[in-house]
Amino acid sequence: HRRKILREAQAMARISHPNVVSVYEVGEVSDRIFIAMEFIDGQTLAQWQRQPGRTWQEVLAMYLQAGHGLAAAHASGLIHRDFKPDNVLVSRDGRARVLDFGLARRDERLLDSEDPAASAPSRSGAVDKLTQDGLISGTPGYMAPEQYDGQPVDARSDQFSFCAALFEALFGTPPFAGRLAAEIASNTLAGHVQPRPKNSPVPE
């Protein structure tokens, strides 16, 4: 747990960008690690996009800001691995900031040998192992196929998660159907994307 906290802080501290939450200091008091980061007076992107009256243009513009933050992380050699609307904050002045790099890795070679996520489950067992904490890192519904498959990830995995989140924000429904994590995983691995809702104002 201590390694995970330090890893999150160190990953975020490497990035200086207006669309990424800034980490100012990492320290330890009474054997407890603390992270001093930028205070954002606002709400999560998930809360923001649920507010009535949001136009697709507003949603797209906000996600483009978050996309710039992700791109900055990728330019620094970091992969987020858990991009979703709950991991983006929107301040009162309308600026999006990506946060929670707790699953971030500089690259797959730096996976801790004691980290359960380092073991790569086979595709046949990926769906069954979704509920076993640590075997697969990420959030069902936004994870890229290679994450479900326990394979190495890169910036394209974050881009997949970004697009899944944007699909849900624009159309009000996730791209991959399923009540249970296993059902969502199966539809993601099979590439079964839900159709666009009829009469959607969003251009094709």
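A quick note: this is a predicted structure, and the numbers were derived from the prediction, not measured.
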S.K.: What I'd like to find out is whether the side chain of M62 reaches to under 4.5 Å of the side chain of V88, using heavy atoms alone.
M.R.: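 Of all side-chain heavy-atom pairs linking V88 with M62, none is under 4.5 Å.
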
S.K.: Under 30°, 30 to 60°, or over 60°: which ring-plane class applies to F176 and F160, parallel, tilted or perpendicular?
M.R.: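 Parallel: the ring planes of F176 and F160 meet at under 30°.
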
S.K.: Consider only side-chain heavy atoms of I, L, V, M, F, W and Y, link residues closer than 4.5 Å, and tell whether L180 and L189 are in one cluster.
M.R.: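 As far as the 4.5 Å side-chain criterion goes, L189 and L180 are not connected within one cluster.
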
S.K.: Do V21 and D100 make a side-chain contact, defined as non-hydrogen atoms from C-beta onward lying under 4.5 Å apart?
M.R.: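 They are not in contact (no side-chain heavy atoms under 4.5 Å apart), so the answer is no.
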
S.K.: Taking the side chain from N187 and the backbone from G178, do they hold a donor-acceptor pair closer than 3.5 Å?
M.R.: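 Judged by distance alone, no pair lies under 3.5 Å.
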
S.K.: Determine, step by step, whether S157 and E146 satisfy the side-chain hydrogen bond (donor to acceptor under 3.5 Å, both in side chains) criterion, reporting the C-alpha distance in whole Å, the side-chain angles of both residues, the deciding distance to 0.1 Å, and the verdict.
M.R.: CA-CA 8 Å; S157 307; E146 59 270 22; 2.5 Å; yes

S.K.: Is there a continuous path of hydrophobic side-chain contacts, each under 4.5 Å between heavy atoms, that joins L64 to I15?
M.R.: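 Linked within one cluster.
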
S.K.: Can you name the one residue among L99, V90, L89 that meets side-chain contact (heavy atoms from CB on, under 4.5 Å) with T44?
M.R.: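 With T44 as partner, L99, V90, L89 yield a single side-chain contact (heavy atoms from CB on, under 4.5 Å), made by L89.
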
S.K.: For the pair R97 and E38, find out whether any cationic side-chain nitrogen is under 4.0 Å from an anionic carboxylate oxygen.
M.R.: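 Between E38 and R97 there is a salt bridge, with a charged N closer than 4.0 Å to a carboxylate O.
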
S.K.: Determine, for D154 against R156, whether the closest basic-nitrogen to carboxylate-oxygen distance falls under 4.0 angstrom.
M.R.: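 A salt bridge links D154 with R156.
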
S.K.: Is the shortest heavy-atom distance from the side chain of Q147 to the side chain of S161 under 4.5 Å?
M.R.: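 In short, these two side chains touch, coming nearer than 4.5 Å.
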
S.K.: Is the closest side-chain heavy-atom distance between P85 and W48 below 4.5 Å?
M.R.: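 Answer no - side chains too far apart.
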
S.K.: Is there a path of hydrophobic side-chain contacts, each under 4.5 Å between heavy atoms of I/L/V/M/F/W/Y residues, joining M37 to F34?
M.R.: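 Result: no, two separate clusters.
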
S.K.: When you measure from the side chain of R54 to the backbone of V59, do you find a donor-acceptor pair of N or O atoms at a distance under 3.5 Å?
M.R.: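 No; judged by distance alone, with no hydrogens or angles, the pair does not exist.
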
S.K.: With no hydrogens and no angle check, is any side-chain donor or acceptor of Q194 less than 3.5 Å from a backbone partner on P174?
M.R.: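 Confirmed, Q194 side chain pairs with P174 backbone.
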
S.K.: Is there a path of hydrophobic side-chain contacts, each under 4.5 Å between heavy atoms of I, L, V, M, F, W or Y residues, that connects V193 with Y142?
M.R.: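 Different clusters: V193 never reaches Y142 through Ile, Leu, Val, Met, Phe, Trp or Tyr contacts under 4.5 Å.
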
S.K.: L45 versus Y63: any side-chain heavy-atom pair under 4.5 Å?
M.R.: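 Side chain of L45 against side chain of Y63, heavy atoms only: contact under 4.5 Å found.
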
S.K.: Looking at A165, is its backbone amide N or carbonyl O close enough to the side chain of E168 to form a donor-acceptor pair, meaning the two atoms are under 3.5 Å apart?
M.R.: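 No.
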
S.K.: Keeping S200 on the side-chain end and V202 on the backbone end, is there a donor-acceptor pair under 3.5 Å?
M.R.: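 Judged by distance alone, yes, a pair lies under 3.5 Å.
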
